[in-house]
Amino acid sequence: MTRLVRAQLRHRIGRALVLLLGVVVAATAFTVLTGTAETQRLEIVGAVGKNFRSQYDILVRPKGSATALERSQGLVRANYLSGIFGGIGMEQYEKVRRIDGVEVAAPIAMIGYVTQGGTEAIDVTDLLHEGDRTMFRVERTRVTDRGLTRIPFRQPQYEYMTRRPVALGFDELKRKNATLVMGAQEVLPGDRRAPLKTSLGWPENSARASSYPSEGRLPVAHYWSLKTGWGEFDPSNIGLRTGRATVVISQSFPFVLAAVDPDAEARLTGLDRAMVGGRYLKDDTPAETSGEIKLLASSVPYADQQDEIVIRRLPREAAERVVQGVPAGKFLPYLDTHRGEVIRRVTIGAEQVYERMLTQWSDIPAGHYLPLKRYWTSGPTSYRERGGRRLAALPVRNETEVWKNPHAGDEWGSDLSIAPVGAADTQFRQLTPRTVEGTVADGLTSRVVGRFDPAKLPGFSELTRLPMETYNPPVAAPGDGRTAGLLGNRSLLPNDNVAGYLQSPPLLLANLQDMRKIAEKTEGRPAAKAPLSVIRVRVSGVVGTDPVSRERISQVARDIVAATGLEVDITLGSSPSPVTVELPAGSYGRPALTLEEDWVDKGVAYRILNAADRKSLVLFVLVLAVCALFVLNGAAAAVRARRAELGVLACLGWSRPKLFGTVLSEVGVIGLLAGTASAGLAGPVAAWSGVAPPGQRIWLAVPAAVLLALLAGLVPAWRASRVPPAEAVRPAVRLPRRARSPRGVAGLALAGLSRVPGRTLLGAATLAVAVFGLTVLLGVTHGFRGRVVGSLLGDAIVVQARPADYAAVAVMFALAALAVADVLYLGMRERDTELAALRGSGWPGGALARLIVLEGTGIGLLGALAGAAGGAAAAFALTGGLPVAVITGALAAAGVAVALAALASAAPALLVQRLPLARILAQE
Amino acid sequence: MGVVISVRDVSRAYGPARALDGIDLEIEAGQAVALMGPSGAGKSTLLHLVGAMDLPDGGEVHVAGERVDTLRRRGLDRHRRRVGFVFQRFHLLPALSVLDNVLAPVLPRRVDFDRRARARELLEAVGLADRERALPGELSGGQQQRVAIARALIGHPPLLLADEPTGNLDSVTGQEIVDLLFTLREEYGMTMLLATHNPEVAAACDRVVRMRDGRIVGDDRVTPAENVLDRIGRLG
């Protein structure tokens, strides 16, 4: 038997080589490509217990922004935006946006705190003394933390009211260094002029910013003329009008200024539908060079701060001393000792002042501007873990330097960035001051162009209980009975202490273009490279916490990590999880509190692991299948060609097992040779194609090749052993059961294909497998933007098109083309006498070639249709839909297959024209 | 009558074996010529060269005034259409019906006659009008050869080449085929060149060319008065 096997391999070397080639390609491709199937996989671990779904599925934060506490406890702090001012680059954002499966990627760039003052006017006309002038003393206390914190203003505010005119021009004001009082002169009878600065012009003090509260060591003095107001200025925009005496109370608000992509924000949160005034933000054109930052403001301040105001009327002679020209040095001690009578007590809430401030910020009169010169960023709150889910917030100390005005003395004025009063209280976050460069001509100004009401955000009322909503105020509820009593069962809210425990949500929004302007003009440009703080990502096709949705999210999360290296948190299934926070006592009366915060229990954790890409492995197994079909065809052809010989051997007494063993040994030896060749080739092929070196995996080629060859040879060997000797000497080509009447060459080609249906089907099957693979990949690439996440037999799976997969499909197509060429060649060889007879009877060579090409095209069509239908069906089964791109992909794959089959028939078509007619026809 | 086939100093070798060795032969139009000789004499090779199914190593082959051995593809195709060829093994297409086998040579080209009518006429002529739907495998050897003859004649060839047309048939059937061939030759006015071992077949021809080892060793023109079989016997 061994001798026979050796003889067969030697004397039928052509067929043996074709078989060898097929197995070599298969084993090499499998060995090399399996190396590419290893991929990174993000796996969601842990049960998704709760069915919460927020507006986004993945929160992307800068690398390292999650605190150790968050990591150890599987939590995301409620105030997750707190302390993240930049860290994500625009190019990273673009990468995230482009990742397949990302429906919306909405960034937030936390720029920092800006302080803006609002004013409230208190009419005191009916409290004026009779006569020309009156002075009032206004004492204020800032009350926050539900009344627990009371910060008295260190110095009072004095208001000088006169019924006489006061003269003051703009030029004069400018010369006098922007202080109203310094240039004002009361016009006395006889056109005498009394400079107000003599008594009210209290000198500047450089130590002014060195202590809290922000108001200086010296009291503030204002004047007002019922006839001319401040002089030549129209103060109506702050609620003042001549003829009335009004005390103006100003209150400063720290706003968290953030930038968003207006379009993405609208799609993610529906912010554009929450507008209650003005217009929504839009993306400026790149040519927009204006220095004005257009802002969207929350219509609600979410601030718990109010001012308790006591207005005292000073004795009549106090005001008279001003026009008498009593010097400030003497006047101040007098004021300290003559505090007057309390004539009114007023409480001004944040909402009142805030509303007026927004109006003033929107309706900026022509020629006026609100410069953006300073802002502050803050670090996160630090905690000490107290066991369980109990934390103690750790106070920090900010140097007073952070409030120092770097612009003091320049044309912007000296007093624009005073610290809010609340900044005197205990602090929990480290502040960093930022200075915006630029002069009046090229600096930045701001204007509120629209207002949104967070309560009008779609689903706001339901979502308020959901974690990590962007515009929700942080909720710090009483954590025990004592705190509940102290807070009156209400939650703690942010206030004007910018470094305080709670950070307000973004109340001011700019677009990304304006954010870039700010980043570019900020001294040192700390956030110019990575201005974004977080990106909230909604994944398309996520409907809940089902496995498919989880798989979709995990794939996108993995891609984000792989593409950007940023930190991701999956919000699917996350839910509020109470964490108890011990807040130490404040500096102004607030006792220590025990708070309960809704931190976010992520619900699910994930791990990134190296895993096999199942789809790629399936494709590589399909490569093996195609090869098996190829080898099966070759082995079957070899057996068919030797039917007479095998029949003779059977006649000579060879048993069936022996015949079976002989044929199987032949293909086995070919498999062994091919496997050895593949083992040698795998390394160089991997290096050439840039795939990871196969390493020890090359030895996989030998068993793979032998197994493949044996499997493919099994059926032909079995058939060879079962055919009775008499049958074996019959013609190889099966005779048809009924006659055919072909109309032309095409009909004859069809008849030819049906002569050996098994072989035709083998050729078509190899193509069908390749077309199936290509249809699925093209569908995935173009119909599903590179990825399909679906359910197959209840299992959530991901199909992602990768270059290696296309390489596998290319190998399949190459083998399929080889198989089709082989099928046609074998058909030609077995029918050579018929073809020679046709040629001899006058058939042109071109007609015979057409016959072969048509047969090839027929095989191609059969395989293409089956493969495309199968591929489309697989896509449908996976996703429940068939986008046009998938159908187009299927048609394209089918087209490739038919064209390839036609191309594969070229060699047999050439050969058929060169049949040695005389020799063939003289045979037998 | 003009010369329709002219073979001049033609040689053909297959490896070391010389199938033809400087053959010269001329055949006039309308003649029925038998090539006789033992196996390996070169009869089939000569037929193949005349039918342009093979090319000589040397010499010239002219058919109907056209040199065949230098023809290129289109010329060869045209030439083959002018020649009807009947093979010893019939070489019918097993998947096609009798009628379609007859039609097969004209399947890939346009013809100026009704091909089906012509095929049926030929089947009528060879006596198989009632078997046109049958498959070759359902016919006897003689019937298959009749189909092959009809197929050879579908294109109105002026020249019919037959390679051992009775070689695979029993003597009675062989005689029937010979009769049929000569009847058709009379009917269609063809020149006929047959390779045969069979004296009965040769006896029916106008001329008998005897070959051996690739050479012509005798060329007998038979007159009607002669007893052809006697002459063949004498010459052999």
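Remember, predicted model here, so these are calculated numbers, not experimental data. Chain identifiers are assigned alphabetically (A, B, ...) following the order of the sequence lines, protein sequences preceding nucleic acid strands; residue numbering begins at 1 within each chain. The basis for the numbers below is simple: all heavy atoms, side chains too, and nothing from hydrogens, waters or symmetry mates.
Using bins of under 30°, 30° to 60° and over 60° for the plane-to-plane angle, the ring pair B:His156/B:Phe113 lands in the perpendicular bin.
Contact of the B:Val147 side chain with the B:Arg131 side chain is not registered, since no non-hydrogen atoms from C-beta on lie closer than 4.5 Å.
The candidate from A:Pro916, A:Ala837, A:Gly846 with the greatest count of non-hydrogen atom pairs under 4.5 Å with chain B is A:Ala837.
With a threshold of 4.5 angstrom between heavy atoms, A:Arg839 approaches chain B through its backbone and through its side chain. Residue contact with chain B, scored on non-hydrogen atoms closer than 4.5 Å, involves the side chain of A:Leu748 exclusively. Neither the backbone nor the side chain of B:Leu49 comes within less than 4.5 Å of any heavy atom in chain A.
Using a cutoff of 4.0 Å between basic side-chain nitrogens and carboxylate oxygens, B:Asp57 and B:Arg12 are scored as salt-bridged.
Cation-pi geometry between B:Arg151 and B:Phe87 is not met: the NZ or CZ atom fails to fall both under 6.0 Å from the ring centre and inside 45° of the normal.
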